[in-house]
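No experiment lies behind these values; they were computed from the predicted model shown. Naming: A, B, ... by sequence-line order, numbering from 1 per chain. Keep in mind that the numbers below use all heavy atoms, side chains included, and drop hydrogens, waters and symmetry copies.
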Amino acid sequence: MNKLTFDIAHMLAGSLVLVSFMQLYQDRLSSLINIFALHALVLTASVAWQAFVQHAPHLYITATIAFVFKAVVIPVALRRIVVKLGIHRELDNVVGVGLAMLAGIGLVALSMVVMLRVTAEADPLAREDLAFALSVVLLGLLMMVTRRNAVSQVIGFMSLENGLVLAATGAKGMPLVVEISVAFSVLIAFIVIGIFLFRIRERFDTVDIQALDRFRGERQ
Amino acid sequence: MALIHDLAFQGAQMLLVLLLSPLLTGFVRKVKARLLRRQGPPLLQPYRDLIRLMRKDVVLADNASWLFRVIPYLVFAATWVAASLVPTFRSGLLFSWTADLIAIIALIGSARFFLALAGIDAGTSFGGIGTSREVMIASLAEPAMLMIVFTLALIAGSTQLSTMAAFMNSPEVGLRVSLGLALIALIIVAIAENARVPVDNPATHLELTMVHEAMVLEYSGRHLALIELSVMLKLLLYMSLIACLFAPWGIAAATATPAFVAVGVGAYAAKLAAGGFLLAVFETSIAKMRVFRVPEFLGAALMLALLATLLRFVSGSF
Amino acid sequence: MVVYALFGVLALVALAPVAIALNASARATALVYSASLMITLIVGTAALLALTGYDGAGSAVTLPLGLPWLGAHFRIDALSAFFLAVINLGGAAASLFALGYGRHEEFPGRVLPFYPVYLGAMNLVLLADDAFSFLVSWEFMSLSSWALVIAHHRVRENLRAGYVYLLMAGFGTLALLLAFGLLAGAQGNYAFDAIRAAHPSTGLAALVLILVLIGAGSKAGLVPLHAWLPLAHPAAPSHISALMSGVMTKVAVYAFVRITFDLLGPPDWWWSLVVLAVGGISAVMGVLYALMQRDVKRVLAYSTIENIGIIFAALGLALAFKAYAMHFAAALALTAALLHVFNHALFKNLLFCGAGAVLSATGERDLEKLGGLIHRMPQTAFVFLIGCTAISALPPLNGFVSEWLIFQAILLSPQLPSWGLKLMVPAVGALLALSAALAGACFVRAFGIGFLGRPRSDEARGAQETDTHSLAAMYALAALCLIAGILPGLFIDTLAPVAQMLTQGRMPVQTGVEWLSIVPIAESRSSYNGLLVFVFMTASGMIAAFAIHRLASDRIRRSIAWGCGYPDPGPLTQYTADSLAQPIRRVFGTLVFSAHESGEMPPPGSTAPARLTVKMRDPVWDTLYAPVADFITYASERLNVLQFLTIRRYLTLVFMALVLLLLVLAIWP
Amino acid sequence: MTAFNALDAVLLIPLVAAAALAVLPGYRLTANLNVVASLATFLTSVSLFLFEPRSGDYLLVDDLNKVFIVLTTFVAFTTSVFSASYIGHEIEIGRLTPRSVRFYHAMYQVLMFAMNLALVANNIGLMWVAIEVATLTTVLMVGIYRTHEALEAAWKYFILGSVGIALALFGTILVYMAARPVIGEGLEAMVWTVLVQHAAKFDPALLNVAFVFLLLGYGTKVGLAPLHAWLPDAHAEGPTPISAVLSGLLLNVALYALLRFKMLLALNPASIAPGPLMVTMGLISCLFAAFMLYRRRDIKRMFAYSSIEHMGIIVFAFGMGGPLANFAGLLHMTMHSLTKSAIFFTVGHIAQVKGTQKIADLGGLTVTHPVLGWSLVFGVVAIAGLPPLGIFMSEFLVISSTFAREPVLATILVFGILVALGGLFLRLNGIAFGEPRGPSGPVHASYVPMFAHFGIVACAGIYLPPGLVAGFENVAKLLG
């Protein structure tokens, strides 16, 4: 294991966590979308680096998908939604940024603790990668939980998924990675379409999930 | 031969209690009257009353059912059977094993059960008042009585009256705390059961204060005579019971010679007289209670009897 | 033998589809009830034969049903044969009664299919010889009776009764299930033979006992698990009430006896303490409740609780004796208990049938609206009176015999060495004595207000005597009450194999005793002869009647009742059920039910009626059931918030769960 | 037909049928085709028992999944029969358009395909993909009525489902990571049969983390509290056949996945015991759902909560482990599938006849519609675990076998079951008995599937065929 390759992979994964943190403290939708594009870019770099390190050309496909789809198409689409709905300036944190950051730090610590218990047999690159991936996943989930707006929730979900891709590509020789990333892209497309033109817009005036609550079953 | 002999004694006992009971009632009345410085009716007045009543027409309430007409006979039969099974002057009655003390209590209970029904049958409120109070009194008196029976049965090792009387007569008994408690309880129960002052007043005819008389208010003629006779029998029964359990002196054994039997008869008469006298004295010296004081009075009996039983359970020496 | 019984059960169950197919026509009513009558009679007789000819082994069969690796075990031994006889006798009587009564049924379609199934299920409980078959039949019995309880489902109270019943039945079944779980162990040796062979440890056995007491006790109606019983028993059609009260509670007694005496191995002395206490309290509470009721069927239902209490008290005594290896005394107490089981089945069936006859004649169950029925329904009144006398434990009827035996057993108990029992037994004796006396009061009230006096409503005024089938059933039961009362020795001897099997002891043979007396221990100690008491009473009553009629007077005049000078008041001035119980309510009710009377007197000169209000609280319901119901309401209301969260909050739940689990991992050693 | 073909056919028939249904017009034709395809799949799956099929790197047939496959295809078949008449009525009253019905039928077969694939997959990745496809398909079907409530339910299902998907994937990746050092890189490290052989040597800590993610990911699909939120609404707002399929099948499929991973963990002695986690979640679900039953106003939502409760019991049973409890869990799962889907058939008929699924508007059903009313009573009796029906047997085994080992846990479970019994019957009283409410028109639907299920459930309560028992016992041993 080359020291440099390890360091670069480590650095890329670590910066993905960092970008996740950046996402956490964005309180405006438009800037959040920008940061997410950055998130996707870092992921692309990371995946590409893994493809290079592992000599796994199919991972380049994943990297391409991540770049084209997540760093370009989705942010553009989301920006259009946000502008169209006129909510690009809206603040939608449920808890304060400080609190969210604190929670995020806690989560990262948790994922480190959990992953460092993994015995030394596992290869260190993968281990570190996994800890970072877990952090990204947890931070994405935290984001989904602390945001009220559907767009930011989607972004949370996508960064969660970025964490998954990071983990999958970090797992050396894992089959089906490309398929999985495709499947997830489709999933996200569904969600975005759902918000954008499918039923949510058709039926609800705002994409704020609270508006949906009016139609929860059983409440007369 | 022995069977005929025993049968004769059993028959004698049955007749004796039947014939003696009005006399006892008459005696008590007489003593009471004398204590109040009245002349009082003659001793034989109860007999006359009964005969006169029997000859009279029965006047039935419009609503009285067939049960109302059957009940006097049932009550009389149950009381009589019970009374004839309590040893009076000679133990070892032929049919003494027919019913032990528990069964005798239950027979009296049967009589009361039917009498209480009779109180409701005519459909007046006075019968109801009697019944309702009677069942309340019974609901406390009966368990108290059963507890007394338990105590005595545990001391004597039997519920068979003959055996119990024989045991009580033996030197083994001695003075026991539990016996004393049981005696007091038994007296209280006997007073309540026989509708005597202070629980009830057999002489009253003020409807709101009476219990037993209210139940039988609608009875007349021969029915009333039977009821009255049953009441007298019951008084005799309780006196005999107390005598047989707590003063068993002089009761002739089953194998006794005629002389001993004669002594037994004499002793029995004396005991009845003493009992009647004491009852009369007690009744004249105390006032009738309010109805709702009665439960406390009877509750005391129940507690005493329960205490006696508990003592017996805990140790044989009490 | 057991195979025939199973065929009987099968035939009963097969009647259900027939009833459905016949679509509840009049023909179906006749067919179902007469077929049930025949089958129960046959099975009951067979069981009786099996009991009298019991050879110590019984007959068993294993069918490839139920739990696959276990099969369904069925067996008849002395105990189950006795209970089979009791249950089928009760079933036969109820079926005969229903041949007449069932014709008035408004919704036969909701009764006929379930009735034979219910009978079959009860039989099956007694036949079962492994835990699974037992519980299946047990709960199936509850289920079929539940369907019968809610037969008249449009009455809200019935639905509620059925609901409470089903819940309590489920509760009891689960308690029994846990008990069997303990007995069978983790390996699942569910066959009774295996359970018998494995001796559980003391602590385990104690837990089993408590669970069984809860499981069987809730079905039997022991206080404080009785709450469902007075609701459910009266709600069903009367012949079903008779079965539920008279028969199904006996199945519960069977379950208790089977497990504690047979399966659980040698008892500890303190078990009896629990059973005795519960039994004594049930006896007194049951009858006190009964005294406060107006609905005649509820009176009867509460009285069932009393009698079950008596039975359990006797069983407790038997356990105590058994624990100290006093085999003879244990046999006496057990025989007393089982005899009371039989007796109660007889008179409770009889009384419920009587109540049913009254209900179908007047449409009323409320005592305050009855009265004077003895004139319109003399025969029903007669048999009902016999039932009342029997249940009040009055000689010479059967109720007295079993209570007498119980008292005899109590008198043997000072020999018990343990101090706890020395204090408990007399206390329970006092409770039983109290309950016996109160039962007398209760049935004076039930019969007196219902049948005597003057009618309190037009319905009661227009009542008609009930039909011949119903009367035949009631007369048969009344006759049995009398026979069991005057020839108890016969029945005691029949019970000997059961006592032998469960206590390794037996009572002396009674059939050889002179004059057909019963002598439980020794003649010098105690004896009772119901036959002679009966003969003496009849003879002296007849002689008195004859003598007086011949020698004195036999004339009768009718006149208006003496009203103490007031002109003939209406029937409403009669004593009512409530007022009759008022002294007892004052004495006991203030303590037990926090009964509170408040009078409202109009001012002088006003013509407004005075009003007396009585408030009573049910202590058991208030302290035990209401809090549970409140807790469930509260908890469900609180948790219900979770139905209305936003998606984000649901995600938060997922997130929290994830973090929590990861934390667990992080601190996992 | 050779065995291998049978295995393929189980997957191919639904796939081909889905394609055909997507293009064919006319709801009668498509409905019938749907039935025929489901029947064919079912028959094929039965033939799996007759011929021992060969397992490959991607597909696998063993004792465990045979049980699941047959159950799934059977319920899918009966549901398709029910669905044929149900959907017809929905078109008549205009709740569905012919177009959406075509979509519905195609999706139905896609769902069948996905579930079958999840069950026969010999590859944890493939299994994951299949379960996700099944989830997405049902999302679309839940929202098919396009009412506010239906869309909301579908959306909720979609979002929560997606998160579940993601978590499950992470778990799957971790399992691969754990397996790779032992088995080596590549496909091999995701193949069940290989994983099981080497499970003892995997890194336990990694397996632990993996299991947590899998438990939450697939647990969301199973409907375990507190991950259950999508379940009641999805059941209540979707078409009733889908409610039946969801409760009867999809939950099972997710459970199947969970069981597979549990087996893996059980083989690795150094990893945490999966039992306690499953037991805890099972108990929480059971208790929580039991309390939730009390305040339900919608009949389908009520039975959805009852599904959560039963899933809790099943997970509890598997978590306890041991041959008896595992057997009980399998039996309970089978019986629950059959019973619950039959209840949904009944409820579907009821809702169509009465025009409402609000409990308050239903009443006296045994008077107006005796067959439906008593069927519902039967169903509730069965689902409440009363004898002599199938669920009683499994509850008997679960409780009696665990009480001796873990008295406190068993007591909690018993409490939950009792509370649930109370809740179910409280509502049943109002629906089936009392004064009749609502219209009393005739029922235009086939009772056959309902009766078939109830018949099986009734028989199973007192008699289980030895073949089935032997199969279950084998599987129970496998599950450890």
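Distance check: C:Thr652 OG1 to A:Leu142 CG gives 9.5 Å after rounding to the nearest 0.5 Å. With rounding to the nearest 0.5 Å, the separation of CG in C:Leu651 from CZ in A:Arg147 is 14.5 Å. The line from OG1 of A:Thr146 to CZ of C:Phe655 is 8.5 Å long, rounded to the nearest 0.5 Å.
Sorted by first then second residue, the ring pair (Phe, Tyr, Trp, His ring centres under 6.0 Å) pairs that include residues 130-176 of chain A, not counting sequence neighbours, are A:His10-A:Phe132.
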Show every donor-acceptor pair shorter than 3.5 Å between a side-chain atom in residues 170-180 of chain C and any protein atom, with sequence neighbours excluded, or say none if there are none.
residue  : atom : partner  : partner atom : Å
C:Thr173 : OG1  : C:Glu139 : OE1          : 2.1
C:Thr173 : OG1  : C:Ala169 : O            : 2.7

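Heavy atoms of other residues, nucleotides or ligands lying less than 6.0 angstrom from CZ of C:Arg154 number more than 12. Other residues, nucleotides and ligands place no more than 12 heavy atoms under 6.0 Å from the CE atom of C:Met656.
Looking at A:Leu138, both its backbone and its side chain come within 4.5 Å of chain C, counting heavy atoms on both sides. With a threshold of 4.5 angstrom between heavy atoms, C:Leu658 approaches chain A through side-chain atoms but not through N, CA, C or O. Only the side chain of A:Leu110 comes within contact range of chain C, judged by heavy atoms closer than 4.5 Å.
For the residue pair A:Val145 and C:Arg648, the shortest heavy atom distance occurs at O-NH1, 2.7 Å.
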